[in-house]
Structure formats: structure tokens, C-alpha cells
Undergrad: 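Just dropping this structure here.
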Amino acid sequence: RVVHIEGVAGREADGDDVSLERIYLARHGQSEFNRERRLCGQLDPALSALGVEQSRRLARVLAEVPLRAIFTSTLQRTAQMAAPLARARGLEAVALAELKELSLGALEGRFRDERDPDAQALWRQRKADPARFRAPDGESFQELEARVLAALERLLRSADSGAALIVGHRESNRALLKGLLGWSTERVLAQKLRNHFVYDIDVAARTVVRTISLREEDAGHAYDGFRT
């Protein structure tokens, strides 16, 4: 079950104390649009067969982690990714609208290669200036960052103490890494965040302690530090 809310879940804490001590940050598994190599943005395709398998691996590799909460965006691919683990742990995943993927506006649902030359040209513009580029009817990374970081700040103060899982998207997770680790915009935009890794983040230390694999060949293996 997923609970949908417009703002950040839970109560507002008094003062500046952060309740969450550990965050496990995952990207949704492969979606049908990922499989077809189409731009997704805030469209809502389901997970592919591989994505569903990745969701099962996530449940297995985090089976022993004492999670107190699970957060997703309001797009179904993140809810599907979290569902097996939420069921196994008896938790309700809380869906936050602020964690949705970057809106790509007129680019959504299109191919970014020679099959769609107009979309390809716009995509090249984005690659040249990813922080400020805004597709027609879409949003910029700076705009996404503002909503995601505002949500993260409240989430850190309102969730129960302990560990939580956040299942997001490539761009929203970049913004989360910026907020959690203190990285620059340039640094987070340079990271190729893939859907086969989970990041174990020590909130107080602002450090990625481990990168946990969801790949078939080494699912559950934990690598020290951050890797892509």
C-alpha cells in the first residue's frame, strides 16, 4: 500500500535536530520507457520485467536493514520498486509529490536520438547546460532541486529516528545527494546514477558509507564508498 500526500510526511519536529540517521537511496528499476530508450520525465510508465526483478532484489538485499520508513515519489515506477520490500516489512510506503522526476515537458515520451531530430537537438542543449536547461513546458534542474531539497529538509526532521529508504528518480536523486552530502550542482550532475545501485548514507557524517549492488551477478554485495 502507498499513502499519497502533497507535502512531506509526518509531523514537524521542533528545533534543528535531525531524526533520521541513515538513508538508503535507490532509483526505481528499469521502466518500460527506459527499456524503449524514450524520455520519461513525469510520465508514468510501469516497470519492465527487469525492473520488477530489480524490485525483488531490493527487497532481498535490504531484508535485514532495520528500516523505519519508506518514501517514494507519486509516480508508479518508484512505488512498484518499493512494494516488495514494503510488503515484507509491513510498512506503508509514503509517496511524496516533491520527489517526482524532472519535468521534461514537450520532450516526454520522445526518443532523444535520430528517430526524433527535434528532440535530439533539444537534448543536446540540455547536455550543454544541464543545470539551467528547461524543455518547453518543463522545468530546470534548479527548479527541481528547490522542491526536492525543501522536502528533504522537512523529511529529515519529521521522520522517526533510525533508517529510511527513499526510492526516487535519476534527477531527483541527484538533488537528494546534493542535500545529503553537500556536493555541488556540477558534481551531482556529473554522476551517472543507475538503477542497479543503492546508496547507504550516513546522514550526520554526510557520507556514502556503502554502495550496494542490485545487479544479477553480485546482488547484495556492498562496495565501500560511492560508485556509479
Side-chain angles (χ1 to χ4, degrees), residues 2-20 23-28 31 39-44 69-79 81-82 93-108 122-123 125-159 164-195 199 201-204 206-208 226 228:
V2 178
V3 179
H4 290 265
I5 60 178
E6 292 303 316
V8 174
R11 61 197 181 281
E12 286 291 342
D14 295 326
D16 294 327
D17 292 338
V18 171
S19 296
L20 278 176
I23 286 180
Y24 291 81
L25 181 62
R27 185 183 166 204
H28 62 81
S31 72
L39 295 168
C40 192
Q42 293 185 0
L43 295 183
D44 202 17
I70 297 174
F71 301 96
T72 71
S73 82
T74 50
L75 298 174
Q76 68 169 324
R77 54 194 185 271
T78 61
M81 185 68 172
V94 178
L96 306 178
E98 297 95 329
L99 298 183
K100 286 196 294 187
E101 180 59 297
L102 179 76
S103 172
L104 292 174
L107 281 172
E108 292 182 350
L122 282 171
W123 195 250
Q125 291 178 33
R126 182 182 185 274
K127 290 180 71 175
D129 189 3
R132 287 180 288 272
F133 174 82
R134 182 190 295 108
D137 302 320
E139 67 180 337
S140 69
F141 182 81
Q142 292 173 329
E143 291 167 329
L144 170 140
E145 181 185 312
R147 63 172 162 86
V148 170
L149 294 187
L152 174 64
E153 183 177 2
R154 295 197 301 262
L155 186 154
L156 288 173
R157 288 168 170 77
S158 64
L165 168 69
I166 300 177
V167 181
H169 306 265
R170 189 196 304 272
E171 302 303 330
S172 61
N173 282 5
R174 282 175 166 152
L176 288 168
L177 285 174
K178 178 175 181 177
L180 289 166
L181 304 177
W183 288 0
S184 67
T185 298
E186 292 73 21
R187 184 174 180 182
V188 296
L189 287 174
Q191 307 305 318
K192 295 184 177 181
L193 302 183
R194 308 184 191 281
N195 49 29
Y199 299 110
I201 298 170
D202 184 323
V203 175
R206 306 192 84 179
T207 300
V208 175
F226 178 85
T228 59

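Keep in mind that this is a model prediction, so the values were computed, not measured.
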Undergrad: Could you go through His169 and Ser73, starting from their C-alpha distance and side-chain angles, then the distance that decides it, and tell me whether this counts as side chain to side chain donor-acceptor pair (under 3.5 Å)?
TA: CA-CA 8 Å; His169 306 265; Ser73 82; 2.8 Å; yes
Undergrad: Could you check if a side-chain atom of Leu193 sits within less than 4.5 angstrom of a side-chain atom of Leu177, using non-hydrogen atoms only?
TA: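 Yes; the side chains approach each other to less than 4.5 Å.
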Undergrad: Could you go step by step and tell me if Thr72 and Met81 meet the side-chain contact (heavy atoms from CB on, under 4.5 Å) rule?
TA: CA-CA 9 Å; Thr72 71; Met81 185 68 172; over 6 Å; no
Undergrad: Going by the rule salt bridge (Lys or Arg N to Asp or Glu O under 4.0 Å), which residues pair with Arg206 if we only count those two or more places apart in sequence or in a different chain?
TA: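 Result, salt bridge (Lys or Arg N to Asp or Glu O under 4.0 Å) vs Arg206: none returned.
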Undergrad: Kindly give the heavy-atom pair with the smallest separation between Pro136 and Leu122, and that separation in Å.
TA: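 Scanning both residues completely, I find the closest heavy atoms to be CD-CD1, 4.2 Å.
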Undergrad: Tell me whether Arg77 is salt-bridged to Glu101, with the criterion being a basic N under 4.0 Å from an acidic carboxylate O.
TA: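 No, Arg77 and Glu101 are not salt-bridged.
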Undergrad: For Ala82 and Val167, which heavy atoms make the closest approach, and how far apart are they?
TA: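 Here Ala82 and Val167 meet closest at CB-CG2, 4.1 Å.
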Undergrad: Compare all side-chain heavy atoms of Val208 with those of Leu181 and state whether any distance is below 4.5 angstrom.
TA: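 Side chain of Val208 against side chain of Leu181, heavy atoms only: contact under 4.5 Å found.
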Undergrad: Should Val148 and Glu98 count as side-chain neighbours, where that means a heavy-atom distance under 4.5 Å?
TA: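 Not in contact.
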Undergrad: Can you tell me how far the CG atom of Leu102 sits from the CG atom of Leu39, to the nearest 0.5 Å?
TA: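 Separation between the atoms: 10.5 Å.
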Undergrad: Does any non-hydrogen side-chain atom of Tyr24 lie less than 4.5 Å from one of Ile166?
TA: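 No; the side chains remain at least 4.5 Å from each other.
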Undergrad: Is the shortest side-chain N to carboxylate O distance from Lys178 to Glu145 below 4.0 Å?
TA: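 Salt bridge present between Lys178 and Glu145.
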Undergrad: Is Gln191 reaching over with its side chain to a backbone N or O of Val188, donor-acceptor style, under 3.5 angstrom?
TA: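 No: the side chain of Gln191 does not pair with the backbone of Val188.
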Undergrad: Tell me whether Glu108 contacts the main-chain N or O of Gln42 through its side chain, where contact means a donor paired with an acceptor under 3.5 Å.
TA: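 Checking the backbone N and O of Gln42 against the side chain of Glu108, a donor-acceptor pair under 3.5 Å is found.
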Undergrad: Taking the side chain as everything from C-beta on, heavy atoms only, tell me whether Leu96 gets closer than 4.5 Å to Thr74.
TA: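 A side-chain contact under 4.5 Å is absent here.
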Undergrad: May I ask you to test the Ser103-Leu144 pair for a side-chain heavy-atom distance under 4.5 Å?
TA: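 Of all side-chain heavy-atom pairs linking Leu144 with Ser103, none is under 4.5 Å.
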Undergrad: Check for a donor-acceptor pair, side chain of Ser158 on one end and backbone N or O of Arg154 on the other, with a separation under 3.5 Å.
TA: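 Indeed, once roles are kept as given, a pair shorter than 3.5 Å links the two residues.
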Undergrad: Can you name the nearest heavy-atom pair linking Ala106 to Asp137, along with the distance?
TA: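 Taking every non-hydrogen atom into account, N-CB, 4.4 Å.
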Undergrad: Where is the tightest heavy-atom contact between Ser140 and Ala131, given as atom of each residue plus distance?
TA: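 In this case the closest contact between Ser140 and Ala131 is CB-O, 4.0 Å.
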Undergrad: Answer whether the closest heavy-atom distance between the side chains of Leu156 and Val203 falls below 4.5 Å.
TA: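 Contact flag for Leu156/Val203 side chains = yes.
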Undergrad: Going through the checks in order, is the side-chain contact (heavy atoms from CB on, under 4.5 Å) test met by Trp123 and Leu107?
TA: CA-CA 8 Å; Trp123 195 250; Leu107 281 172; 4.2 Å; yes
Undergrad: Among all residues two or more places apart in sequence or in another chain, which pass the salt bridge (Lys or Arg N to Asp or Glu O under 4.0 Å) test with Arg174?
TA: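 By the salt bridge (Lys or Arg N to Asp or Glu O under 4.0 Å) rule, Arg174 matches Glu171.
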Undergrad: Would you indicate whether the side-chain heavy atoms of Thr185 and Phe141 approach each other to under 4.5 Å?
TA: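 Phe141 reaches Thr185 side chain to side chain.
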Undergrad: By ring-ring contact (aromatic ring centres under 6.0 Å, His included), which residues pair with Phe226, not counting sequence neighbours?
TA: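 Testing Phe226 for ring-ring contact (aromatic ring centres under 6.0 Å, His included), a comparison that skips the adjacent residues, returns Trp183, Tyr199.
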Undergrad: Could you check whether any side-chain N or O of Asp44 sits under 3.5 Å from a backbone N or O of Gln76, counting only pairs where one atom can act as donor and the other as acceptor?
TA: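 Yes, the answer is positive, given that a donor and an acceptor are paired below the 3.5 Å cut-off.
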Undergrad: Do Leu155 and Phe71 pass the side-chain contact (heavy atoms from CB on, under 4.5 Å) test, and can you show the C-alpha distance, the side-chain angles, and the key distance before you say yes or no?
TA: CA-CA 10 Å; Leu155 186 154; Phe71 301 96; 3.8 Å; yes
Undergrad: Give me the atom names and distance for the closest heavy-atom approach of Leu165 to Ala26.
TA: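 Smallest heavy-atom distance, with atoms named: CD1-CB, 4.2 Å.
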Undergrad: Any sub-3.5 Å donor-acceptor pair from Arg132's side-chain atoms to Gln142's backbone N or O?
TA: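 Not at all, since once roles are kept as given, no pair shorter than 3.5 Å links the two residues.
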Undergrad: Check Leu20, Leu176, Leu25 against Ile201 for a side chain to side chain contact (heavy atoms under 4.5 Å, CB included) and give me the one that passes.
TA: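 Among Leu20, Leu176, Leu25, the one that satisfies the side chain to side chain contact (heavy atoms under 4.5 Å, CB included) with Ile201 is Leu25.
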Undergrad: Between the side chain of Arg27 and the main-chain N/O of Asn173, is any donor-acceptor distance below 3.5 Å?
TA: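 No; judged by distance alone, with no hydrogens or angles, the pair does not exist.
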Undergrad: Counting only N and O atoms by type, is there a donor-acceptor contact under 3.5 Å from the side chain of Arg147 to the main-chain atoms of Lys100?
TA: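 Yes; judged by distance alone, with no hydrogens or angles, the pair exists.
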